[in-house]
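Computation of the quantities below employed the complete heavy-atom set of this structure, encompassing side-chain atoms and omitting hydrogens, waters and symmetry-equivalent molecules.
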Amino acid sequence: MAKPYLSIVVPVYNEAGNLENLYSRLINVLDNYGKSYEIILVNDGSRDATETILNDLHNRRPNHIRIVHFNGNFGQHMAITAGFERARGEVIITLDADLQNPPEEIPNLVRAIEAGHDYVGSIRKNRQDTWFRRHASRLNNSIRARITGIVMTDQGCMLRAYKRHVVDAVIASKESSIYIPALAYSYASSPTEIEVDHSLREAGESKYNLYKLLRLNFDLMTGFSLVPLQIFTVFGIVVSLLSTLFVVYLFIRRIFIGPEAEGIFTLFAIVYFLFGVTLMGLGIVGEYIGRIYKDVRQRPFFIVRDTLDKHGN
Ligand code: UDP
Ligand code: MG
């Protein structure tokens, strides 16, 4: 069977109310666009009617629609990874199932790829999220850009296009705490960003609460930077240096002026010095553990329970 030109990868978690609409809008855009395509829908352990609906969609278009059912909820980025592993297209596009990213933007993304870019990010025009989400994400963007050096105007928007070689590199990265757009960005040689429309969620509610968003951002920070650990080390060094000066000062004072109140501050100086050294030591150990931790975990990242797929499993 010939490989399609486009692979559309969609993570799906409890989206029963959106799938019918997503299906018809995707099919409509892609059929009219005229390039060969496949749509890979990854069910990330949904507990609503998602599974039945997905199976039905597959039966309607078995050559176009490929379904993967996870054994549990492994997260949006794992669902996309599973889709990437199966994608056969030359250009791979990710989008959300809730129709916040209009499928009608797909041709614009592909156009940017065809203009020579291997990664096309997106910036949401008139972003339809709460005030809190918009401002939290602005703050987070600036911290991330400083700590990781990854420049991404709008990290939350998943409507993105990648060339085959970028997706291959993402798959080859055996990392469990993966943040796909950032990883892909780091492998791309000619990244770009375009503006896309953004809508309100069609049905259901956001699957990200504050805690999940925080965890996602920890993945992003630790996955792309050792700066948090390094700050710790630098802090330890500064404390050590300052307390060394303090010890020297107290020593000289003791010779010329005499002991201060029963030597208690000398004791403080020594304790602070040791405290600084301990912090620094902890920081250095942390540097190593951080690196080892990143490499040694070899747990399976997700478990596939079932697939409905004419092009592989
Ligand atoms: N999603 C998923 N697994 C999860 C959480 C979300 O596959 O554990 C999917 C969800 O179905 C949607 C996309 O990831 O297609 C984005 O989720 P959501 O719309 O809830 O995030 P938000 O738009 O609020 O950032
Ligand atoms: Mg959404």
Engineer: Do the non-hydrogen side-chain atoms of S240 and F275 ever get within less than 4.5 Å of each other?
Structural biologist: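 Counting from C-beta outward, S240 and F275 never come under 4.5 Å.
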Engineer: Would you mind checking if R86 and E38 are paired as a salt bridge, meaning a charged N to carboxylate O distance below 4.0 Å?
Structural biologist: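 No, E38 and R86 are not salt-bridged.
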Engineer: Over 60° means perpendicular and under 30° means parallel, so classify the ring planes of W131 and H135, tilted if in between.
Structural biologist: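 Ring orientation of H135 relative to W131: parallel.
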Engineer: Give a yes or no on whether V196 and L22 share a hydrophobic cluster (residues Ile, Leu, Val, Met, Phe, Trp, Tyr; joining criterion: side-chain heavy atoms under 4.5 Å apart).
Structural biologist: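 Shared cluster, yes.
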Engineer: Quick check: does any side chain N or O of H77 sit under 3.5 Å from a backbone N or O of Y179, one acting as donor and the other as acceptor?
Structural biologist: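 No; zero donor-acceptor contacts below 3.5 Å.
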Engineer: Donor-acceptor pair, S243 side chain versus V239 backbone, under 3.5 Å?
Structural biologist: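 Yes, S243 side chain to V239 backbone: donor-acceptor pair under 3.5 Å.
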Engineer: Give the intermediate values and the outcome of side-chain contact (heavy atoms from CB on, under 4.5 Å) for residues I8 and L95.
Structural biologist: CA-CA 8 Å; I8 317 292; L95 100 163; 3.6 Å; yes
Engineer: Can you tell whether the side chains of E51 and R305 come within less than 4.0 Å, N to carboxylate O?
Structural biologist: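 Salt bridge: yes.
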Engineer: Are E195 and S122 side-chain neighbours, meaning at least one heavy-atom pair lies under 4.5 Å?
Structural biologist: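 Side chain of E195 against side chain of S122, heavy atoms only: no contact under 4.5 Å found.
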Engineer: Mind checking whether Y13 and V304 sit in one hydrophobic cluster, side chains of I, L, V, M, F, W, Y counted as touching below 4.5 Å?
Structural biologist: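 No.
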Engineer: Can you get from I123 to I194 by hopping between Ile, Leu, Val, Met, Phe, Trp and Tyr side chains that sit under 4.5 Å apart?
Structural biologist: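 Different hydrophobic clusters.
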Engineer: Taking side chain as C-beta onward, heavy atoms only, is L6 less than 4.5 Å from P4?
Structural biologist: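 Sidechains of P4 and L6: no contact.
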Engineer: Please find the pair of heavy atoms, one from A161 and one from I113, that lie closest to each other, and give the distance.
Structural biologist: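 Distance-wise, the nearest heavy atoms are CB-CG1, 3.8 Å.
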Engineer: Side chain to side chain donor-acceptor pair (under 3.5 Å), that's the test. Do N141 and R138 meet it? Break it down for me.
Structural biologist: CA-CA 5 Å; N141 266 329; R138 191 184 301 169; over 6 Å; no
Engineer: Determine whether the side chains of N21 and E202 contain a donor N or O and an acceptor N or O closer than 3.5 Å.
Structural biologist: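 Side chains of N21 and E202: pair found under 3.5 Å.
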Engineer: Mark yes or no for whether H311, through its side chain, and N63, through its backbone, hold a donor-acceptor pair below 3.5 Å.
Structural biologist: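 Yes, the answer is positive, given that a donor and an acceptor are paired below the 3.5 Å cut-off.
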Engineer: What do the steps show when you test V42 against I80 for side-chain contact (heavy atoms from CB on, under 4.5 Å), and what is the final call?
Structural biologist: CA-CA 7 Å; V42 184; I80 296 175; over 6 Å; no
Engineer: Is there a path from V248 to L242 through hydrophobic residues (I, L, V, M, F, W, Y) whose side chains come within less than 4.5 Å of each other?
Structural biologist: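 As far as the 4.5 Å side-chain criterion goes, L242 and V248 are not connected within one cluster.
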Engineer: Which of parallel (below 30°), tilted (30 to 60°) and perpendicular (above 60°) describes Y37 and H64?
Structural biologist: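 Y37 vs H64 ring planes: parallel.
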Engineer: Can the positive tip of R160 be found less than 6.0 Å from the middle of the six-membered ring of Y119, inside 45° of the ring normal?
Structural biologist: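 The answer is no; the distance or angle limit is not met.
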Engineer: With side-chain contact (heavy atoms from CB on, under 4.5 Å) as the test, would you mind laying out the steps for H69 and L308 before giving the verdict?
Structural biologist: CA-CA 8 Å; H69 293 296; L308 270 85; 4.2 Å; yes
Engineer: Tell me, do T81 and F301 make a side-chain contact under 4.5 Å, heavy atoms counted?
Structural biologist: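 Result no, sub-4.5 Å side-chain heavy-atom pair not found.
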Engineer: What heavy-atom pair brings P107 and V29 nearest, and what distance separates the two atoms?
Structural biologist: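 So the two residues come closest at CD-CG1, 4.0 Å.
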Engineer: So, the side chain of S46 versus the backbone of N43: is there a donor-acceptor pair under 3.5 Å, distance only?
Structural biologist: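 No, because the side chain of S46 does not come within donor-acceptor range (under 3.5 Å) of the backbone of N43.
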Engineer: Under the salt bridge (Lys or Arg N to Asp or Glu O under 4.0 Å) test, which residues partner D168, sequence neighbours left out?
Structural biologist: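 If we apply the salt bridge (Lys or Arg N to Asp or Glu O under 4.0 Å) test to D168, skipping adjacent residues, the hits are R164.
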Engineer: Using side-chain heavy atoms (C-beta onward) and a distance below 4.5 Å, is R25 in contact with E104?
Structural biologist: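 With C-beta onward as the side chain, the pair touches.
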Engineer: Backbone N or O of Y5 within a donor-acceptor pair of the S36 side chain at under 3.5 Å?
Structural biologist: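 Yes; judged by distance alone, with no hydrogens or angles, the pair exists.
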Engineer: So which heavy atom on G75 is nearest to which on D44, and how close?
Structural biologist: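 Scanning both residues, the minimum pair turns out to be N-OD2, 2.9 Å.
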Engineer: Give a yes-or-no answer on whether the side chains of N32 and N28 include a donor-acceptor pair shorter than 3.5 Å.
Structural biologist: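 Judged by distance alone, the side chains do pair up.
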Engineer: Using the side chain to side chain donor-acceptor pair (under 3.5 Å) rule, take D98 and N18 through it: C-alpha gap first, then chi angles, then the decisive distance, then the call.
Structural biologist: CA-CA 6 Å; D98 59 4; N18 290 316; over 6 Å; no
Engineer: What heavy-atom pair brings P102 and L159 nearest, and what distance separates the two atoms?
Structural biologist: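 Shortest heavy-atom contact: O-CD2, 4.1 Å.
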Engineer: Where do R61 and D56 land on the salt bridge (Lys or Arg N to Asp or Glu O under 4.0 Å) test, with the steps shown first?
Structural biologist: CA-CA 9 Å; R61 290 275 195 130; D56 176 54; over 6 Å; no
Engineer: Could you give me the CA-CA distance, side-chain angles and deciding distance for T94 and I180, then say whether side-chain contact (heavy atoms from CB on, under 4.5 Å) is met?
Structural biologist: CA-CA 10 Å; T94 55; I180 288 177; 5.7 Å; no
Engineer: Any sub-3.5 Å donor-acceptor pair from R144's side-chain atoms to I150's backbone N or O?
Structural biologist: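 Between the backbone of I150 and the side chain of R144 there is a qualifying donor-acceptor contact (under 3.5 Å).
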Engineer: Check whether any side-chain N or O of N14 sits under 3.5 Å from a backbone N or O of R47 as a donor-acceptor pair, and report yes or no.
Structural biologist: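 Answer holds: yes.
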Engineer: Where do D129 and R124 land on the salt bridge (Lys or Arg N to Asp or Glu O under 4.0 Å) test, with the steps shown first?
Structural biologist: CA-CA 10 Å; D129 275 321; R124 291 169 281 194; 3.7 Å; yes
Engineer: List in chain and number order the residues that pass salt bridge (Lys or Arg N to Asp or Glu O under 4.0 Å) with R134, two or more places apart in sequence or in another chain; answer none if no residue qualifies.
Structural biologist: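 If we apply the salt bridge (Lys or Arg N to Asp or Glu O under 4.0 Å) test to R134, skipping adjacent residues, there are no hits.
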Engineer: What heavy-atom pair brings N101 and C157 nearest, and what distance separates the two atoms?
Structural biologist: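 Taking N101 first and C157 second, the nearest heavy atoms are ND2-SG, 3.8 Å.
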Engineer: Flag yes if M158 and I93 sit in one hydrophobic cluster, no otherwise; membership is Ile, Leu, Val, Met, Phe, Trp, Tyr, and two members link when side-chain heavy atoms are under 4.5 Å apart.
Structural biologist: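 Different hydrophobic clusters.
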Engineer: Which heavy atom of S186 sits nearest to which heavy atom of L183, and what is that distance?
Structural biologist: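 Taking every non-hydrogen atom into account, OG-O, 2.6 Å.
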Engineer: Run the salt bridge (Lys or Arg N to Asp or Glu O under 4.0 Å) test on E15 and R201 for me, step by step, so that the C-alpha distance in whole Å, both residues' side-chain angles and the decisive distance to 0.1 Å come before the verdict.
Structural biologist: CA-CA 10 Å; E15 303 281 7; R201 209 172 214 290; 2.9 Å; yes
Engineer: Got a donor-acceptor contact below 3.5 angstrom from the D118 side chain to the S189 backbone?
Structural biologist: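 Present.
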Engineer: Between E90 and K35, is there a side-chain N and carboxylate O pair less than 4.0 Å apart?
Structural biologist: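 No, no charged N to carboxylate O under 4.0 Å.
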Engineer: Between the side chains of E193 and K125, is the shortest nitrogen-to-carboxylate-oxygen separation below 4.0 Å, so that they form an ion pair?
Structural biologist: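 Answer for the salt bridge query: no.
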Engineer: Is there side-chain contact between F235 and Q230, with at least one heavy-atom pair below 4.5 Å?
Structural biologist: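 In short, these two side chains do not touch, never coming nearer than 4.5 Å.
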Engineer: Donor-acceptor pair, distance only, cut-off 3.5 Å: does the side chain of D48 make one with the backbone of A16?
Structural biologist: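 It does hold such a pair.
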Engineer: Are any non-hydrogen side-chain atoms of I39 and L57 less than 4.5 angstrom apart?
Structural biologist: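 Not touching, per the 4.5 Å side-chain cut-off.
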Engineer: Taking side chain as C-beta onward, heavy atoms only, is H165 less than 4.5 Å from Y187?
Structural biologist: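 Not touching, per the 4.5 Å side-chain cut-off.
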Engineer: Give a yes or no on whether the ring-centroid distance for Y162 and F84 is below 6.0 angstrom.
Structural biologist: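 Ring centroids of Y162 and F84 are less than 6.0 Å from each other.
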